[in-house]
There are 2 protein chains.
Amino acid sequence: MLVIRDAFNGVTRFEQWQEHLGVARNVLAARLKSLVHHGVLEPRLYSERPPRNEYVLTAKGKDLYGILVTLHAWGEKHVYHDQQSGVVLRHKTCDNILQPRIACGCCNEMVRPREVQVIYTADRPTVGDMMAEDEVA
Amino acid sequence: MLVIRDAFNGVTRFEQWQEHLGVARNVLAARLKSLVHHGVLEPRLYSERPPRNEYVLTAKGKDLYGILVTLHAWGEKHVYHDQQSGVVLRHKTCDNILQPRIACGCCNEMVRPREVQVIYTADRPTVGDMMAEDEVA
DNA sequence: TAGTTGGGTTTTAATTAGAAACTTACTCGG
DNA sequence: CCGAGTAAGTTTCTAATTAAAACCCAACTA
């Protein structure tokens with residue numbers, strides 16, 4: 001998640017993440033590999049010899065933006081209690097601090113939890129099933 | 001997260017989570033304890049003797065709804081590729097499958113990533129700092 | 001040629017998860 | 001009254017996962 005957050009902030013290279021996050025190098029390498037494998041990031045060779053790649057967000061990755069924004073707002077409100085967290089998101093269009101709300105893509109109305117119905121269309125897959133896609137190797 | 005998801009689906013008791021998630025009992029106990037400690041869930045004694053609690057979402061917990069919905073939609077689109085995932089969210093108000101979008105709480109407009117500016121209001125705290133609140137004990 | 005930089009692996013140590021048994025304090029049925 | 005059942009955990013021990021630290025290496029660079 002933090003890797004992806006940085007990616008949205010323009011980070012594309014191993015060393016940049018390493019510096020920003022202070023995470024162990026092997027862990028970062030594993031994260032990147034996994035994110036590439038899951039199609040969230042895409043490696044791009046920016047130097048042939050020595051072979052060096054940068055990592056850019058795919059469409060799948062870019063679609064994580066809503067999650068990040070929502071998560072950030074939650075943290076601001078409930079973890080930092082609207083005090084200095086160090087990072088703030090501004091909505092350029094209206095020039096206010098972004099307070100993200102969930103809207104419906106169909107009717108454009110704001111969505112409240114009460115208006116959402118959970119429908120089970122089949123036997124609910126187990127957590128194991130959900131992770132099964134990993135078992136490629 | 002899965003614990004919280006179930007909480008939104010009406011689960012309040014230890015055994016219910018245990019059955020739904022199939023997670024080890026000690027792990028579940030640890031999760032619940034941690035969620036209570038972080039103020040996401042609130043224990044409520046529903047029986048004095050024997051002492052038994054149920055767990056209900058706090059305001060902080062309820063505010064996680066947006067994250068869950070956004071996450072779910074992402075999974076539907078990119079992990080299940082809009083095929084049978086087993087669970088679907090319906091927007092009662094307009095009777096369509098919910099496709100959550102991020103809207104701005106101030107101007108009510110849909111938000112696109114480009115319209116969001118990241119502002120660093122202070123030295124960015126390290127990941128360590130962010131977690132420091134845990135060090136109460 | 002001796003650093004330095006980018007991008008990793010290998011090794012080792014710590015953390016976490018899991019499975020199963022045990023505990024406590026009841027209730028219920030015979 | 002006795003044993004079984006239930007709900008909510010705790011304990012113990014083992015297995016798997018994760019992370020930190022150190023190491024590696026190919027290519028620039030001074």
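Just so it is clear: chains get the letters A, B, ... in the order the sequence lines come, proteins before strands, and each one is counted from 1.
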Which nucleotide in the set [options] lies at the smallest distance from any side-chain heavy atom of [X]?
X: Arg52(A); options: dA8(D), dA25(C), dG6(C); value: dG6(C)
X: Lys33(B); options: dG8(C), dG6(C), dT10(D); value: dT10(D)
X: Val27(A); options: dG9(D), dG7(C), dA20(D); value: dA20(D)
X: Arg25(B); options: dA20(D), dG6(C), dT10(D); value: dT10(D)
X: Asn26(B); options: dA20(D), dG8(C), dT12(D); value: dT12(D)

Calculate the interatomic distance between [X] atom [atom1] and [N] atom [atom2]; express it in whole Å.
X: Leu21(B); N: dA8(D); atom1: CG; atom2: P; value: 14 Å
X: Trp17(A); N: dG7(C); atom1: CH2; atom2: P; value: 10 Å
X: Leu32(B); N: dA17(C); atom1: CG; atom2: P; value: 13 Å
X: Arg31(B); N: dT10(D); atom1: CZ; atom2: C1'; value: 16 Å
X: Leu45(B); N: dA8(D); atom1: CG; atom2: C1'; value: 11 Å
X: Gln18(A); N: dA22(D); atom1: CD; atom2: P; value: 14 Å
X: Tyr46(B); N: dA8(D); atom1: OH; atom2: C1'; value: 7 Å
X: Gln16(A); N: dT5(C); atom1: CD; atom2: C1'; value: 13 Å

Looking at [X] and [Y], does any basic side-chain N land under 4.0 Å from a carboxylate oxygen?
X: Glu115(A); Y: Lys92(B); result: no
X: Arg52(A); Y: Glu15(A); result: no
X: Asp95(B); Y: Arg90(B); result: yes

Q: Establish, with yes or no, whether the OP1 or OP2 oxygen of dG9(D) is under 4.0 angstrom from a side-chain nitrogen or oxygen of Tyr55(B).
A: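 Looking at the OP1 and OP2 atoms of dG9(D), one of them is under 4.0 Å from a side-chain N or O of Tyr55(B).
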Q) In terms of the nearest nucleotide of DNA chain D, which residue is placed more toward the 5' end: Pro51(A) or Pro51(B)? A)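 Result: Pro51(B).
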Q) For Val23(A), which contact category applies under a 4.0 Å heavy-atom criterion: base, sugar-phosphate, or nothing? A)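 No contact.
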Q) After noting the C-alpha distance and the side-chain angles of Asp82(B) and Lys77(B), does the key distance pass the salt bridge (charged side-chain N to carboxylate O under 4.0 Å, His left out) rule? A) CA-CA 5 Å; Asp82(B) 297 321; Lys77(B) 180 172 172 188; over 6 Å; no
Q) Any idea which heavy atoms bring His72(A) and Val87(A) closest together, and the distance? A)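 The pair with the smallest heavy-atom distance is NE2-O, 3.3 Å.
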